[in-house]
Visitor: 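Structure incoming, see below.
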Amino acid sequence: MTADADVDVDVDFGADGLVPAVAQDADSGEVLMLAYVSPTALERTRETGRAHYYSRSRDELWEKGATSGHVQRVEEVRVDCDADALLYLVDQEGGACHTGHRSCFHRTVEGETVGERVFDPDDVYDDG
């Protein structure tokens with residue numbers, strides 16, 4: 001049995017209405033970040049071609065890079081076999097991590113920094 005290429009996959013957003021999404025550099029394959037996506041965030045991503053997520057801590061929709069300028073242009077959205085996780089293949093402008101690193105996965109569990117810091121968060125984010 002094959003899937004119909006003209007029919008959208010019914011994404012399972014779970015009981016909380018969110019699905020995890022991994023952002024991966026479309027060219028290098030580097031894993032940049034993991035965030036959560038609501039149905040509205042997925043819809044906005046598909047409409048605009050820019051990554052949108054749902055902030056659980058702020059309880060709101062957000063566009064990646066709206067504050068920092070470090071946008072993610074989404075080349076493709078993939079869904080896993082169970083339709084309960086997404087993969088955003090992106091062209092990342094600047095850093096993906098709010099700490100200033102290219103990737104949120106910039107350290108090992110032993111605490112060793114293995115990723116590149118590409119911007120100073122104090123220069124980008126206003127704490128006031």
Side-chain angles (χ1 to χ4, degrees):
M1 177 190 269
T2 60
D4 185 339
D6 295 326
V7 177
D8 284 351
V9 173
D10 188 16
V11 176
D12 179 1
F13 287 96
D16 63 358
L18 301 173
V19 63
V22 172
Q24 180 180 32
D25 186 287
D27 294 326
S28 72
E30 179 182 21
V31 174
L32 300 171
M33 58 180 275
L34 175 123
Y36 291 86
V37 172
S38 65
T40 303
L42 179 57
E43 181 181 321
R44 293 286 297 140
T45 297
R46 294 179 73 189
E47 287 173 355
T48 66
R50 294 183 312 275
H52 287 74
Y53 300 101
Y54 189 84
S55 171
R56 297 180 302 168
S57 61
R58 294 187 314 262
D59 195 25
E60 67 183 17
L61 181 73
W62 61 282
E63 178 182 345
K64 178 66 177 154
T67 301
S68 67
H70 300 163
V71 298
Q72 292 176 341
R73 288 178 185 76
V74 179
E75 293 187 14
E76 186 175 11
V77 177
R78 295 186 185 176
V79 61
D80 79 335
C81 57
D82 294 322
D84 63 358
L86 299 175
L87 175 65
Y88 282 6
L89 296 174
V90 303
D91 175 20
Q92 176 70 52
E93 190 171 310
C97 186
H98 72 281
T99 66
H101 291 83
R102 167 118 176 109
S103 169
C104 292
F105 298 95
H106 62 269
R107 58 190 171 169
T108 68
V109 294
E110 290 83 17
E112 179 186 358
T113 298
V114 294
E116 177 185 12
R117 192 162 190 216
V118 295
F119 73 94
D120 183 345
D122 291 337
D123 294 339
V124 174
Y125 303 108
D126 180 19
D127 290 339

Visitor: Restricting to salt bridge (charged side-chain N to carboxylate O under 4.0 Å, His left out), what partner residues turn up for Glu47, sequence neighbours left out?
Guide: Arg44
Visitor: In chain order, what residues pass the side-chain hydrogen bond (donor to acceptor under 3.5 Å, both in side chains) check against Arg46, with sequence neighbours excluded?
Guide: Asp8
Visitor: Output the rest of the hydrophobic cluster of Phe13: all Ile, Leu, Val, Met, Phe, Trp and Tyr residues reachable through side-chain heavy-atom contacts under 4.5 Å, sorted by chain and number.
Guide: Val9, Val11, Val19, Leu32, Met33, Val37, Leu42, Tyr53, Trp62, Val74, Val77, Val79, Leu86, Tyr88, Val90
Visitor: State which residues pass side-chain hydrogen bond (donor to acceptor under 3.5 Å, both in side chains) with Arg50; sequence neighbours excluded, sorted by chain then number.
Guide: Glu63
Visitor: Under a single-linkage rule joining Ile, Leu, Val, Met, Phe, Trp and Tyr whose side-chain heavy atoms are separated by less than 4.5 Å, which residues share a cluster with Val71?
Guide: none
Visitor: Sequence neighbours left out, what passes side-chain contact (heavy atoms from CB on, under 4.5 Å) with Thr108? Give chain and number order.
Guide: Glu110, Glu112, Val114
Visitor: Determine all donor-acceptor pairs shorter than 3.5 Å in which one atom belongs to a side chain in residues 93-100; sequence neighbours excluded.
Guide:
unit_1, atom_1, unit_2, atom_2, d
Glu93, OE1, Arg73, NH1, 2.9
Glu93, OE1, Arg73, NH2, 3.3
Thr99, OG1, His101, ND1, 2.9

Visitor: Do other residues, nucleotides or ligands put more than 12 heavy atoms under 6.0 Å from Asp10 CG?
Guide: no
Visitor: Taking side-chain contact (heavy atoms from CB on, under 4.5 Å) as the test, write out the residues that go with Asp27, two or more places apart.
Guide: Asp25
Visitor: Which residues pass the side-chain contact (heavy atoms from CB on, under 4.5 Å) test with Asp80, sequence neighbours left out?
Guide: Asp82, Asp84, Ala85
Visitor: How would you list, by chain and number, every residue that makes a side-chain hydrogen bond (donor to acceptor under 3.5 Å, both in side chains) with Glu116, sequence neighbours excluded?
Guide: none
Visitor: Using links of under 4.5 Å between side-chain heavy atoms of ILVMFWY residues, direct or through other members, which residues join Leu89 in one cluster?
Guide: Leu18, Val22, Val31, Leu34, Tyr36, Tyr54, Leu87, Phe105
Visitor: Identify, with sequence neighbours excluded, every residue that meets side-chain hydrogen bond (donor to acceptor under 3.5 Å, both in side chains) alongside Arg117.
Guide: none
